[in-house]
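Every chain is numbered from 1, with letters handed out A, B, ... down the list of sequences. Values in this document were obtained by computation on a predicted structure and should not be read as measured data.
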Protein chains: 2
Amino acid sequence: MAKKLAKSAISQKRVLDAAAKIFRDFGYAGTTMRAIADEADLKAGSIYYHYKSKDELIGAVLDIGVNAVTQRVTEALAALPPEATGRQRVEVAIAAHLSAIIEVGDYTLATRRVAGQVPEAISARNTRLRDSYGAMWQQIMNDAQQRGEFKTTASLTLSRLFILGALNWTVEWYKPGGRSVEQIARDFASFVLDGLSGGAAPLPVEFSEAATEPHDNPRPRIRSA
Amino acid sequence: MAKKLAKSAISQKRVLDAAAKIFRDFGYAGTTMRAIADEADLKAGSIYYHYKSKDELIGAVLDIGVNAVTQRVTEALAALPPEATGRQRVEVAIAAHLSAIIEVGDYTLATRRVAGQVPEAISARNTRLRDSYGAMWQQIMNDAQQRGEFKTTASLTLSRLFILGALNWTVEWYKPGGRSVEQIARDFASFVLDGLSGGAAPLPVEFSEAATEPHDNPRPRIRSA
DNA sequence: CCTGAAACCTAACACTAGTTAGAAAATGGA
DNA sequence: TCCATTTTCTAACTAGTGTTAGGTTTCAGG
């Protein structure tokens, strides 16, 4: 199984991508091995050559969703000079998080929609991953506050939960044709750091309110009944 | 069916509550009529005396989730004097939204977790409800900006999406024993309006950072396999 | 106590689920 | 070309799904 992997790897990836798509659209129980197989141009039985069960598959999908984001944000933060301000760190983390979850959107959405439906044994490991990612954010924010950059009276723990909740929700309404990820990240950072009422505009945006109005339910492909 | 409803109504409610709970934990396809029946102290076949299909049931659950929030926020805003500032309106809307989604938490969570897995015909109506609720928020924010209360450079449409995303995400980590809903609402409003870096504290909070650290996965009841 | 409607249950139907064992095809080095 | 290994398919099994038809219980009102 792990000797000279070569041809198998591409099929494995195809199955994984297909699984993410189907899980995202139909949830854990709603996803059938036959539907995944169909999406991956395979027969249902053949999946078991690559993954030994449906649970192992969903486990792989879940982990990819979180790890991709964690890795991207970690790298982006590491690339920052040591003298970077807390504000800059937050901005960079937001941009990295956003671009990551949109790039691996199928996995992110699958993770979001399926977490809490999956058997406990599988979700436990994934929860640990998410927790440690949250701790990373917490540290950024605590540092910034200790430096005196944050003057908010709100709990930083709650703020972190708000930020990550809103960030992750983005994949639900984001549509490729509309606003660019960079623009969304900028607006988000501005919103998070200065709020609605504050904000002495550092750089004026070209056109603040226009363009495509995002819609709530971007994914119509639902089974008949 | 709608002649002299009396005894049937309480059973109907029991089934509905049970359905919300099960849908929230297992998703659309993962929810079985037998599991709902079990939770409601009933046999599976008996559900069909109250609801003619699983789809009708999920439709009812979805609508309750949205309508409860819409109604509560509408009332809270209507109770405000006409001279209320945009800032006050936002604060009130946040508090009302939060208390509503936590009170009918089972329905809210069911709605959140199941939307997108449900057949299109059912989700369509529900999406309309959510859209009109979003429009209500949009109006509050536009008004406030036109009055000159908001100085943010970020798109108000995006801001609204961020706010509602973060608000709805609250039910995922809220735990009854921890911080009070009012405290969370205050922090959230402060965060939304003044951001992290701003915020000339109007009223100092008693203890800003302490108490129960919320945990990510508050619902362990997952089927074995 | 009778009665008819309301509320519920039982048992089954047709169908689909995840999974598996074994046969068949594809692959690549000798 | 041959062969051994890898990869895929076929066909089936068991368990569990939503739903229904018809019988049974519950219960208010006469």
Side-chain angles (χ1 to χ4, degrees), chain A residues 1-19 22-23 25-62 114 117-122 222-225, chain B residues 1-19 22-23 25-62 114 117-122 222-225:
Chain A
M1 191 186 296
K3 289 194 171 181
K4 43 175 83 172
L5 49 106
K7 164 73 170 310
S8 170
I10 101 163
S11 276
Q12 192 153 340
K13 177 88 161 67
R14 231 176 44 221
V15 169
L16 207 58
D17 286 347
I22 307 292
F23 274 124
D25 285 345
F26 301 110
Y28 173 68
T31 292
T32 74
M33 297 302 260
R34 288 167 176 86
I36 296 176
D38 216 54
E39 176 82 27
D41 268 315
L42 225 60
K43 297 300 175 190
S46 308
I47 298 182
Y48 288 83
Y49 179 78
H50 303 281
Y51 297 92
K52 76 168 80 127
S53 72
K54 185 183 177 182
D55 284 356
E56 191 178 290
L57 235 185
I58 186 71
V61 169
L62 288 180
V114 132
Q117 299 172 14
V118 104
E120 203 182 358
I122 282 91
I222 293 298
R223 252 205 283 263
S224 59
Chain B
M1 193 188 296
K3 289 195 172 181
K4 42 176 81 173
L5 49 105
K7 165 71 169 312
S8 169
I10 101 165
S11 275
Q12 191 153 341
K13 177 85 161 66
R14 231 177 44 223
V15 170
L16 207 57
D17 285 346
I22 307 293
F23 274 124
D25 285 345
F26 301 110
Y28 173 68
T31 292
T32 73
M33 297 304 261
R34 288 166 177 88
I36 296 177
D38 215 55
E39 176 81 25
D41 268 316
L42 225 61
K43 296 302 175 188
S46 310
I47 298 182
Y48 288 83
Y49 180 78
H50 303 281
Y51 296 92
K52 76 169 80 127
S53 72
K54 185 182 177 183
D55 284 356
E56 191 179 290
L57 237 185
I58 185 71
V61 169
L62 288 181
V114 131
Q117 299 172 14
V118 102
E120 203 182 358
I122 283 91
I222 293 297
R223 252 204 283 264
S224 58

Novice: Taking only the side-chain nitrogens and oxygens of Lys54(A), find out if one of them lies under 4.0 Å from OP1 or OP2 of dG18(C).
Specialist: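 The answer is yes; a side-chain N or O of Lys54(A) sits under 4.0 Å from OP1 or OP2.
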Novice: Quick one: Leu57(A) CG to dA17(C) P, roughly how many Å, whole number?
Specialist: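 Taking CG of Leu57(A) and P of dA17(C), I get 16 Å after rounding.
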Novice: Of the nucleotides dG18(C), dT8(D), dT19(D), which one has an atom closest to the side chain of Ala44(B)?
Specialist: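 Of all the options, the side chain of Ala44(B) is nearest to dT19(D).
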Novice: Whole angstrom is fine here: how far is it from CD1 in Ile36(A) over to C1' in dT19(C)?
Specialist: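 Those two atoms, CD1 and C1', are 13 Å apart.
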Novice: Using OP1 and OP2 only, check whether a side-chain N or O of Ser46(A) sits under 4.0 Å from dT7(D).
Specialist: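 Answer is no, no contact under 4.0 Å.
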Novice: On the nucleotide dC8(C), are OP1 or OP2 found under 4.0 Å from the side-chain N or O atoms that His50(B) carries?
Specialist: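 So the side chain of His50(B) is within the cut-off, an N or O lying under 4.0 Å from OP1 or OP2 of dC8(C).
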Novice: With the side chain counted from C-beta on, respond yes when Lys54(A) and Phe23(A) share a heavy-atom pair under 4.5 Å apart, and no when they do not.
Specialist: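 Touching, per the 4.5 Å side-chain cut-off.
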Novice: Between atom OH in Tyr51(A) and atom P in dT8(D), what is the gap in whole Å?
Specialist: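 Computing the Tyr51(A):OH to dT8(D):P distance gives 12 Å.
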Novice: Considering only heavy atoms from C-beta outward, does the side chain of Tyr51(B) approach that of Leu16(B) to under 4.5 Å?
Specialist: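 Result yes, sub-4.5 Å side-chain heavy-atom pair found.
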Novice: Provide, to the nearest angstrom, the distance between the CG atom belonging to Asp38(B) and the P atom belonging to dC8(C).
Specialist: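 Nearest whole value for this atom pair: 15 Å.
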Novice: Rounded to whole angstroms, how far apart are CZ on Arg34(B) and C1' on dT16(C)?
Specialist: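 So the two atoms are 13 Å apart, to the nearest Å.
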Novice: Does a side-chain N or O of Tyr49(B) approach OP1 or OP2 of dC8(C) to a distance below 4.0 Å, or not?
Specialist: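 No, Tyr49(B) has no side-chain N/O under 4.0 Å of OP1/OP2 on dC8(C).
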Novice: Given dC8(C), dT19(C), dT17(D), which nucleotide is nearest the side-chain atoms of Thr32(B)?
Specialist: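 Selected nucleotide (nearest to the side chain): dT17(D).
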Novice: What is the distance from CE of Met33(B) to P of dC13(C), rounded to the nearest Å?
Specialist: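 Result: 20 Å.
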Novice: Return no unless some side-chain N or O of Ser11(B) is found under 4.0 Å from OP1 or OP2 of dC8(C).
Specialist: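 Yes, because at least one side-chain N or O of Ser11(B) sits under 4.0 Å from OP1 or OP2 of dC8(C).
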Novice: To the nearest angstrom, how far is Gln12(B) atom CD from dA6(C) atom C1'?
Specialist: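 Checked: the CD to C1' distance equals 13 Å.
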Novice: Going by heavy atoms in the side chains, are Leu57(A) and Ile36(A) under 4.5 Å from each other?
Specialist: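 Side-chain contact under 4.5 Å: yes.
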Novice: In Å, rounded to the nearest 0.5 Å, how long is the span from CD1 of Ile58(A) to CD1 of Ile22(A)?
Specialist: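 CD1 of Ile22(A) is found 11.5 Å from CD1 of Ile58(A).
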Novice: Rounded to whole angstroms, how far apart are CG on Leu42(B) and C1' on dA6(C)?
Specialist: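 About 14 Å, once rounded to whole Å.
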Novice: Could you walk me through whether Lys13(A) and Asp17(A) pass the salt bridge (charged side-chain N to carboxylate O under 4.0 Å, His left out) check?
Specialist: CA-CA 6 Å; Lys13(A) 177 88 161 67; Asp17(A) 286 347; 3.0 Å; yes
Novice: With respect to the phosphate group of dT19(C), does any side-chain polar atom (N or O) of Tyr48(A) fall under 4.0 Å of OP1 or OP2?
Specialist: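 True: Tyr48(A) side-chain N/O within range (under 4.0 Å) of dT19(C) OP1/OP2.
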